[in-house]
Amino acid sequence: MSFKAAAIQMCSGVDPVKNAAAMARLVREAAAEGAIYVQTPEMTGMLQRDRAAARAVLADEAHDIIVKTGSELAAELGIHVHVGSTAIALADGKIANRGFLFGPDGRILNRYDKIHMFDVDLDNGESWRESAAYTAGSEARVLSLPFAEIGFTICYDVRFPTLFRAQAIAGAEVMTVPAAFTKQTGEAHWEILLRARAIENGVFVIAAAQAGRHEDGRETFGHSMIIDPWGTVLASAGATGEAIIVAEIDPSAVKTAHDKIPNLRNGREFSVEKIAGAVAGGVAA
């Protein structure tokens with residue numbers, strides 16, 4: 001059956017309490033527009049570059065305000081609330097970049113820890129070492145909901161197509177990509193990566209994003225998007241500030257896309273051999 005999905009765009013700051021209040025307000029607005037699945041961005045609870053300051057306010061899952069608020073909203077509104085991710089304190093002193101899917105009774109239906117760590121050096125001087133503070137996940141899941149099969153990723157995961165392909169082969173009809181993309185990488189790659197993941201797997205992609213200038217000084221790209229299995233952008237937000245985008249998701253469009261381009265069925269095993277190129281005195285055999 002078709003359903004309304006919403007992606008919430010935020011500009012999270014350094015205070016989890018304020019961010020939880022903003023999330024609650026926006027999720028309620030999305031539900032009022034008829035959305036029964038609502039996704040928030042990566043790091044909904046806090047964007048804080050100062051690791052010491054971040055650790056001072058982090059909580060474990062049982063005491064985290066974003067987890068509590070997501071559960072309460074899902075139960076209050078009778079919808080599925082997907083907290084794209086929030087920072088969760090682990091017993092070993094490290095942190096999980098963890099997403100949560102709450103059912104209409106408020107229970108946690110799925111957790112997903114971001115698998116691929118954002119360890120990069122950009123040419124504008126930005127340098128990120130997510131692995132220095134965060135523990136990477138190692139498990140991908142496809143969750144069966146009454147209205148669709150849902151696959152989970154977070155932000156930098158979008159650059160690893162095998163993660164999406166594995167979930168599509170496992171039956172995912174909707175892939176989720178909550179994110180806090182940097183402005184520089186977003187301008188270059190955000191839309192093309194999201195549309196590519198939708199097209200090559202014949203799935204819907206829902207990507208709620210952080211947007212604008214944050215309290216900790218970073219700037220994120222925004223442009224939250226919902227994309228159909230043919231690569232068409234069904235809804236998108238702007239570059240800065242809060243937003244709610246809503247689109248009708250018809251899972252039967254996934255089968256239609258797969259029937260037109262059956263690349264998931266047509267894939268074949270193959271080997272790769274690295275051979276030498278031209279050599280002195282002739283061409284390598």
Side-chain angles (χ1 to χ4, degrees), residues 1-47 64-86 99-110 145-148 150 152 154-155 174-181 186 190 194 204-215 220-228 233-250:
M1 68 178 190
S2 296
F3 66 98
K4 275 191 177 180
I8 301 297
Q9 183 161 290
M10 297 177 66
C11 186
S12 294
V14 299
D15 184 348
V17 175
K18 290 181 180 179
N19 296 328
M23 177 183 81
R25 171 173 47 81
L26 291 164
V27 169
R28 288 190 179 102
E29 290 179 18
E33 293 187 34
I36 64 168
Y37 163 90
V38 181
Q39 179 191 129
T40 72
E42 180 184 26
M43 287 296 152
T44 292
M46 177 176 54
L47 281 174
D64 182 79
I65 189 171
I66 297 297
V67 174
K68 181 176 183 289
T69 302
S71 173
E72 291 174 348
L73 285 168
E76 170 197 332
L77 301 168
I79 63 173
H80 289 80
V81 174
H82 179 186
V83 172
S85 88
T86 197
F100 297 86
L101 196 288
F102 299 93
D105 60 0
R107 290 188 304 115
I108 296 173
L109 301 181
N110 189 56
L145 295 180
F147 44 81
I150 309 292
F152 297 84
I154 295 172
C155 200
V174 178
M175 292 297 307
T176 60
V177 193
F181 245 63
W190 171 248
L194 293 174
F204 287 91
V205 169
I206 302 176
Q210 294 282 357
R213 180 73 65 177
H214 299 264
E215 285 182 299
T220 53
F221 184 62
H223 296 90
S224 299
M225 290 189 180
I226 302 176
I227 301 166
D228 77 7
V233 178
L234 302 178
S236 62
T240 60
E242 295 178 346
I244 300 168
I245 58 172
V246 179
E248 194 78 20
I249 305 296
D250 181 0

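If you read the sequence from its start, that first residue is 1, and numbering goes on from there.
In this structure, CD1 on Ile150 lies 6.0 Å from OH on Tyr37, to the nearest 0.5 angstrom. With rounding to the nearest 0.5 Å, the separation of OG1 in Thr220 from NE2 in His214 is 2.5 Å. Atom CG in Leu145 sits 5.5 Å away from atom CG in Leu101 (nearest 0.5 Å). Put simply, CD1 on Ile227 and CG on Leu234 are 8.0 Å apart, with the number rounded to the nearest 0.5 Å. Atom CZ of Arg25 sits about 12.0 Å away from atom CG of Leu73, to the nearest 0.5 Å. A distance of 8.5 Å separates CD1 of Ile226 from CD of Gln39, quoted to the nearest 0.5 Å.
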Apply side-chain contact (heavy atoms from CB on, under 4.5 Å) to the pair Phe102 and Ile108, showing each step before the final yes or no.
CA-CA 5 Å; Phe102 299 93; Ile108 296 173; 3.4 Å; yes

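No donor-acceptor pair under 3.5 Å is formed between the side chain of Thr240 and the backbone N or O of Ala211. A donor-acceptor contact shorter than 3.5 Å links the side chain of Trp190 to the backbone of His223.
Between Val177 and Val205, the closest side-chain pair of non-hydrogen atoms falls below 4.5 Å. For the pair Phe204 and Met175, the minimum side-chain heavy-atom distance is 4.5 Å or more. Between Lys4 and Ile36 the shortest side-chain heavy-atom distance does not fall below 4.5 Å. Within the 4.5 Å cutoff, the side chain of His80 has heavy atoms near those of the Leu109 side chain. Using a 4.5 Å cut-off on side-chain heavy atoms (C-beta onward), Pro178 and Ile154 make contact. Ile66 places a side-chain heavy atom less than 4.5 Å from the side chain of Met23. A 4.5 Å side-chain heavy-atom check between Met225 and Ser236 finds at least one atom pair inside the cut-off. Between Glu42 and Thr44 the shortest side-chain heavy-atom distance does not fall below 4.5 Å.
The two residues Ala243 and Ala237 have their closest heavy-atom pair at CB-CB, 3.8 Å. Residues Ser71 and Gly106 come closest through the heavy atom pair OG-O, 2.7 Å. Here the closest heavy-atom approach between residue Ala31 and residue Ile79 is recorded as CB-CD1, 4.1 Å. The two residues Ala235 and Ile245 have their closest heavy-atom pair at O-CD1, 3.7 Å. Nearest heavy-atom pair across Cys11 and Gly212 is SG-C, 4.3 Å. The nearest pair of heavy atoms linking Ala35 to Ala5 is CB-C, 4.3 Å.
The environment of Arg107 atom CZ is sparse: at most 12 non-hydrogen atoms of other residues, nucleotides or ligands sit within 6.0 angstrom.
A side-chain N or O of Gln9 and one of Ser224 form a donor-acceptor pair less than 3.5 Å apart. A donor-acceptor contact under 3.5 angstrom links the side chains of Gln210 and Ser12, judged on distance only.
Shown are Glu76, Glu33, Glu72; of these, the salt bridge (Lys or Arg N to Asp or Glu O under 4.0 Å) with Arg28 is made only by Glu76. When each of Val83, Val81, Ile244, Thr69 is checked for a side-chain contact (heavy atoms from CB on, under 4.5 Å) with Val27, only Val81 meets the rule.
Using cut-offs of 30° and 60° on the angle between ring planes, the pair Phe147 and Phe3 is tilted.
Between His82 and Phe152, a ring centre-to-centre spacing shorter than 6.0 Å is recorded.
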